[in-house]
Amino acid sequence: MKDFFHPIRLSLLGALGLGLLVASCQKSDDTPDEQPAPVASSFEQLQRRILTPTCATSGCHSSESDAMFSQHRLVLAAGVGYKNLVGVAPANSTAKANGLMRVKPFASQESLLYHKLNAAAGHHSGANYGNPMPLGGELLTVGQIEFVRRWIEAGAPQTGSVVDSTLLDDKTPSTPSENFEALKAPAAGAGFQIHLEPFTVVPNFERELFVRKSIGNTKPVYVNRYEIKMRPNSHHFLAYTYRDNDKLPTINQIRDLRNPDNSYNLETALSMQNHIYFVGSQAPYTDFTFPEGTALLVPANATLDLNSHYVNKTATPITGEAYVNLYTVDESKVKTVMKIMDFTNTNLNIPAKTRVTISKTFTMSRPIKILVLTSHSHKLGEKFVVRIKGGARDGEVVYTSTSWEHPEITTYKTPIELAKGEAIVSEITYNNTTDKDVKWGLTSEDEMGIVFGYYLEE
């Protein structure tokens with residue numbers, strides 16, 4: 001017994017007991033109930049709190065079957081959002097020409113995502129990157145936008161926490177509509193400005209209206225450039241002339257396409273049949289100059305029917321507003337007067353749950369030279385192609401646009417020459433993902449297929 005209590009053995013037993021006590025404590029601390037929750041990566045938070053609820057769930061970027069997929073080719077649903085954003089070239093032609101990517105690691109100013117989420121001046125007005133997103137919905141807060149910026153500047157990693165997540169809890173609104181800056185008018189004698197004054201779009205409503213306005217020219221003028229600027233959440237702004245000047249609406253009178261109960265105002269709808277495209281934009285800002293030596297001739301005391309279409313998906317009213325500047329040039333500098341092309345296919349029948357390509361041939365009654373082409377369709381329009389029919393260039397594609405919201409405006413340094421009897425053909429692919437057949441019509445739920453442009457007659 002005495003040997004059992006030998007000091008060395010006592011020290012060994014003491015060390016063993018202490019070790020067991022420490023091991024017991026460590027095991028207790030490592031129980032699942034007391035484990036700290038894992039921190040989600042910055043991209044996981046961006047996906048869960050911004051991309052999924054704001055972009056994917058809205059139906060605009062959820063899958064390739066969505067009607068709006070054709071304009072942006074971008075799905076932001078969980079699981080594919082990262083690979084579709086980082087290091088990928090954008091569909092927006094202006095952004096691509098400026099060297100932007102959807103997300104360029106370490107470079108937020110060269111990342112289209114940052115510009116699209118940021119409605120502040122400078123992100124859209126000068127670059128023509130399209131409407132801020134989400135269109136018609138609540139804009140991201142200042143903190144949310146800053147979170148995206150910092151994530152990109154940190155290299156846009158898919159894993160790892162690189163940004164303070166408390167930014168996502170910020171409630172500060174970004175760029176309220178009252179910060180909208182008016183378009184500066186042309187200098188005296190250099191042109192005219194027409195202003196569509198501010199109007200209200202009530203919650204959960206899309207408002208489309210028309211107002212006939214005077215240009216202000218007391219004598220014929222030649223227009224060789226135009227600028228258009230409008231507040232956020234606009235689907236489009238168009239200015240029309242008329243086929244029949246004996247059937248003009250009352251000047252300066254607002255004519256809504258929809259009544260407050262969302263039914264259509266038939267009188268306004270019928271007035272649209274008298275329209276001829278003059279200038280227009282489906283981007284918040286457009287600055288377009290006609291080819292040198294050409295211009296549109298505008299008769300004295302001319303008026304334009306201004307058409308503005310706004311979408312409001314929020315619970316609070318928003319404000320619409322638009323400006324158009326028409327810049328003039330002296331007649332001595334005009335070698336050729338342009339004419340306006342307005343080729344429309346109203347024979348549209350797009351069955352439900354069907355992708356279909358519809359063609360229409362427009363034959364020339366005299367020789368022409370086409371200088372500019374653009375297009376117009378609604379949200380089912382997946383691809384708009386114009387090709388030549390007849391002559392040496394038979395079958396050649398001369399225009400392609402894959403964005404119904406921001407169609408290409410193509411200027412030809414060498415005009416497209418068509419002889420009498422030759423034609424252009426519009427070929428429009430529509431992808432009807434809805435449960436109902438869609439036909440030609442005047443609303444955003446109907447479809448259109450129009451070739452706009454400018455041409456010269458020989």
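His195 and Glu321 share a donor-acceptor pair across their side chains, judged by distance under 3.5 Å alone.
Between Glu292 and Lys333 no salt bridge is recorded (no basic side-chain N to carboxylate O distance below 4.0 Å). Salt bridge annotation for Arg149-Glu146: present, with a cationic side-chain nitrogen under 4.0 angstrom from a carboxylate oxygen. The existence of a salt bridge linking Lys439 and Asp446 is excluded, since no basic side-chain nitrogen approaches an acidic carboxylate oxygen closer than 4.0 Å.
Taking Phe452 as the reference, Tyr277 meet the ring-ring contact (aromatic ring centres under 6.0 Å, His included) condition, with sequence neighbours excluded.
Taking the side chain as every heavy atom from C-beta outward, Met272 and Leu257 approach each other to under 4.5 Å. At a threshold of 4.5 Å between non-hydrogen side-chain atoms, the residues Val221 and Phe192 count as touching. Using a 4.5 Å heavy-atom cutoff, the side chains of Phe147 and Gln45 are in contact.
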Does the pair Tyr327 and Asn325 meet the rule for a side chain to side chain donor-acceptor pair (under 3.5 Å), with working shown? CA-CA 6 Å; Tyr327 293 90; Asn325 284 352; 3.3 Å; yes

Checking Phe362 against Met341 for the side chain to side chain contact (heavy atoms under 4.5 Å, CB included) test, could you report, in this order, the C-alpha distance in whole Å, the side-chain angles of both residues, the deciding distance, and whether it holds? CA-CA 11 Å; Phe362 304 94; Met341 180 179 295; over 6 Å; no

Is there a side chain to side chain contact (heavy atoms under 4.5 Å, CB included) between Leu196 and Phe237 once you walk through the steps? CA-CA 10 Å; Leu196 183 58; Phe237 174 86; 4.2 Å; yes

Side chain to side chain contact (heavy atoms under 4.5 Å, CB included) between Asn432 and Val356, worked out: CA-CA 8 Å; Asn432 186 358; Val356 62; over 6 Å; no

Test log, rule side chain to side chain contact (heavy atoms under 4.5 Å, CB included), inputs Met448 and Thr344: CA-CA 8 Å; Met448 286 190 172; Thr344 303; over 6 Å; no

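Here the side chain of Asn312 pairs a donor or acceptor atom with the backbone of Val202 at under 3.5 angstrom. A donor-acceptor pair under 3.5 Å is formed between the side chain of Arg207 and the backbone N or O of Thr200. Not one N or O on the side chain of Asp305 forms a donor-acceptor pair closer than 3.5 Å with the backbone of His275. Between the side chain of Thr52 and the main chain of Gln47, a donor-acceptor pair closer than 3.5 Å is present. Not one N or O on the side chain of Asp437 forms a donor-acceptor pair closer than 3.5 Å with the backbone of Asn349. Under a 3.5 Å cut-off, the side chain of Lys219 and the backbone N or O of Ala300 do not form any donor-acceptor pair. A donor-acceptor pair is defined here as one N or O able to donate and one able to accept, closer than 3.5 Å; such a pair exists between the side chain of Gln193 and the backbone of Leu183. The backbone N or O of Thr336 lies less than 3.5 Å from no partner atom in the side chain of Thr294, so there is not a single donor-acceptor pair. With Asn217 contributing its side chain and Pro299 its backbone, the two residues share a donor-acceptor pair below 3.5 Å. Looking only at distances, no side-chain donor or acceptor of Asn345 sits under 3.5 Å from a matching main-chain atom of Ile450.
Remark: Glu457 CD is packed, more than 12 non-hydrogen atoms of other residues, nucleotides or ligands lying under 6.0 Å away. Within a 6.0 Å sphere centred on CG of Asn347, heavy atoms belonging to other residues, nucleotides or ligands number 12 at most. In this structure, Ile254 places its CD1 atom where only 12 or fewer heavy-atom neighbours from other residues, nucleotides or ligands lie under 6.0 Å away. Counting non-hydrogen atoms of other residues, nucleotides and ligands closer than 6.0 Å to NZ of Lys369 gives a total of 12 or fewer.
Contact between Thr303 and Ser214 at its shortest, heavy atoms only, is CG2-CA, 4.0 Å. In plain terms, the two heavy atoms of Pro90 and Leu100 that are nearest each other are CD-O, 3.2 Å. The minimum heavy-atom distance between Ser281 and Met230, with the atom names listed, is O-CE, 3.6 Å. When all heavy atoms of Val80 and Val75 are compared, the pair lying nearest together is CG2-CG1, 3.8 Å. What you find for Trp151 and Ser42 is that their closest heavy atoms are CD1-CB, 4.0 Å. Nearest heavy atom pair, residue Lys83 against residue Val88, reads O-CG2, 3.4 Å.
Each of Val372, Asn224, Thr374 was evaluated against Phe288; a single residue qualifies, Val372, per the side chain to side chain contact (heavy atoms under 4.5 Å, CB included) test. For the side chain to side chain contact (heavy atoms under 4.5 Å, CB included) criterion with Ile215, the lone passing option out of Val324, Val223, Leu304 is Leu304. The side chain to side chain contact (heavy atoms under 4.5 Å, CB included) test with Thr429 is passed by exactly one of Thr357, Leu380, Val385, Thr402: Thr357. Test Arg255, Arg212, Lys247 against Ser271 for side chain to side chain donor-acceptor pair (under 3.5 Å) and you get one pass: Arg255.
For an aromatic pair to be called close, the ring centres must be under 6.0 Å apart, and Phe199 with Tyr310 satisfies this.
Note that the OG atom of Ser111 and the CZ atom of Arg102 stand 12.5 Å from one another [nearest 0.5 Å]. If you take CG on Leu306 and NZ on Lys213, they are separated by 7.0 Å, rounding to the nearest 0.5 Å. Of the inter-residue distances, the one linking Ser234 atom OG with Ile228 atom CD1 reads 10.0 Å to the nearest 0.5 angstrom. Here OG1 of Thr316 is found 8.0 Å from CD1 of Ile318. Values are rounded to the nearest 0.5 Å. The CZ atom of Phe106 sits 11.5 Å away from the CD1 atom of Ile152 when rounded to the nearest 0.5 Å. Leu456 contributes atom CG, which lies 4.0 Å from atom CG of Leu371 (distance to the nearest 0.5 angstrom).
By the 6.0 Å and 45° rule, Lys229 stacks over the aromatic ring of Phe180.
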